[in-house]
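Lettering follows sequence order; numbering is per chain, from 1.
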Protein chains: 2
Amino acid sequence: MPDTPPEIDRLIDLMARLPGLGPRSARRAVLHLLRKREAVMAPLARSLAQVVLTARDCSVCGNIGTTDPCAICADPRRATGEICVVEGLADLWAMERGHAFKGRYHVLGGTLSALDAVGPDTLRIPALVARVQAEGVTEVILALNATVDGATTGHYLADALAATGVAVTSLAQGVPIGGELDYLDDGTIGTALRARRRV
Amino acid sequence: MPDTPPEIDRLIDLMARLPGLGPRSARRAVLHLLRKREAVMAPLARSLAQVVLTARDCSVCGNIGTTDPCAICADPRRATGEICVVEGLADLWAMERGHAFKGRYHVLGGTLSALDAVGPDTLRIPALVARVQAEGVTEVILALNATVDGATTGHYLADALAATGVAVTSLAQGVPIGGELDYLDDGTIGTALRARRRV
């Protein structure tokens, strides 16, 4: 734009690269920041700078936190012998929001995909096998997305872990809580029927 | 969230306050930043810190830039004797994107509103009258939103500027470029008909 300071133009460009924001909404966000410089922009700038400085990958599980090993790997109460395998950080956060899992995690960093040329060594699969052998793990819980790539990766992991003798389980599939049968796809209904349980 | 570092939780909270982002999309944005720490997060943090340090209000027109007076007020080529009055910074940027106005601006900071208790002194109306008297202004162009509050403010400004003898004009109202009559509201069609021009 003519006569807009280049610093502000650059901030709009960078904000527009965030998922969920485009050029127009980035402009709106920056306008909001400029109007609330003390109340919103300065705290956001400080927070962002602090996370840039402190964020680091956990060398054990692949989580991102402020310590290495991360707070979950370092917590002795979570040494339950269970490892939950997730595709990415978003899934780890989703599991934590569920408040149901008390063990440790292993973040693969994606799923096997022939199309995208993602093989076992690109993911953190050898590290998982090594952890299972070294940490006295009794159960590996696969919490992968219910997609074709997720299922492929699950089968591969079960094979790769077979030699270690660890129990490999995966999240149950079925009707989600609050789900209405009328809106569910046929595949989910079929899966839920086959996995029916006595009440 | 349990075991998420407080620094990251706080960043999500702050991002969620931006217009267009809610708690979920702020989390997605922060996940993206954490995964692209070098490529996206560090440049964004630097840019934000720089804008926090350098942004300031122009004491002449109310624009926000990195200098006071702002680049527009300081540009001698824009001393055309025309002042364009806008409600806020967003409207100033919109006018600049139009590349049609070559004079200077005056940002009111809102519109008169009895409901919200916004009076002439809350807005920068006395400063506008003073500028018109001091800067040898020949025309004040009202570029206010076509709303009830915008029209009220326009009438008030015309009265307030009457004593200075300056010409007060406002943006034309009519069919927008690319607009289809079938989708236009009745008020716009009526206004465009009354303001019809010989071709």
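Side-chain contact check for A:Arg97 versus B:Arg27: some heavy-atom pair is nearer than 4.5 Å. Proximity of B:Asp57 to A:Arg37: side-chain heavy atoms (C-beta onward) are separated by under 4.5 Å at one or more points.
For residues 160-173 of chain A, the side chain to side chain donor-acceptor pair (under 3.5 Å) pairs, not counting sequence neighbours, are A:Glu139-A:Thr169. Each ring pair (Phe, Tyr, Trp, His ring centres under 6.0 Å) pair with one or both residues in residues 145-199 of chain A, not counting sequence neighbours, would appear here, but there are none.
Closest heavy-atom contact between B:Met41 and A:Leu48: CE-CD1, 4.0 Å. Across every non-hydrogen atom of B:Pro5 and A:Gly65, the tightest pair is CG-CA, 3.7 Å. Summarising the geometry of A:Thr66 relative to B:Glu7, their closest heavy-atom pair is CG2-OE1, 3.7 Å, with the distance given to 0.1 Å.
By the criterion of side-chain heavy atoms lying less than 4.5 angstrom apart, applied directly or through intervening Ile, Leu, Val, Met, Phe, Trp or Tyr residues, B:Val166 is not grouped with B:Tyr105; the two fall into different hydrophobic clusters. Linking Ile, Leu, Val, Met, Phe, Trp and Tyr whenever their side-chain heavy atoms come within less than 4.5 Å leaves B:Leu108 and B:Val86 in two separate clusters. Under the 4.5 Å side-chain heavy-atom criterion for Ile, Leu, Val, Met, Phe, Trp and Tyr, A:Ile141 and A:Ile83 are members of distinct hydrophobic clusters. No continuous path of hydrophobic side-chain contacts links B:Val85 to B:Leu92 [ILVMFWY only; heavy atoms under 4.5 Å]. By the criterion of side-chain heavy atoms lying less than 4.5 angstrom apart, applied directly or through intervening Ile, Leu, Val, Met, Phe, Trp or Tyr residues, B:Val137 is grouped together with B:Val168 in one hydrophobic cluster.
Most heavy-atom pairs under 4.5 Å with chain B, from the set A:Ala71, A:Ala29, A:Pro6, A:Ser25: that is A:Ala29. The most heavy-atom pairs under 4.5 Å with chain B, out of A:Leu33, A:Val52, A:Ile8, come from A:Val52.
Contact residues of residues 119-131 of chain A toward chain B are absent (heavy-atom distance under 4.5 Å). Within residues 13-23 of chain B, the residues having any heavy atom under 4.5 Å from a heavy atom of chain A are, by residue number, B:Leu14, B:Met15, B:Arg17, B:Leu18, B:Pro19, B:Gly20, B:Leu21.
In the displayed structure, B:Arg56 atom CZ is contacted under 6.0 Å by more than 12 heavy atoms of other residues, nucleotides or ligands. By the neighbour-count criterion of 12 heavy atoms within 6.0 Å, atom CZ of B:Arg28 is sparsely surrounded, having that number or fewer from other residues, nucleotides or ligands. The neighbour count for A:Asp185 CG, taken as heavy atoms of other residues, nucleotides or ligands under 6.0 Å away, is above 12.
Among the candidates A:Leu34, A:Val30, A:Ile12, the single residue satisfying the side chain to side chain contact (heavy atoms under 4.5 Å, CB included) test with B:Val51 is A:Leu34.
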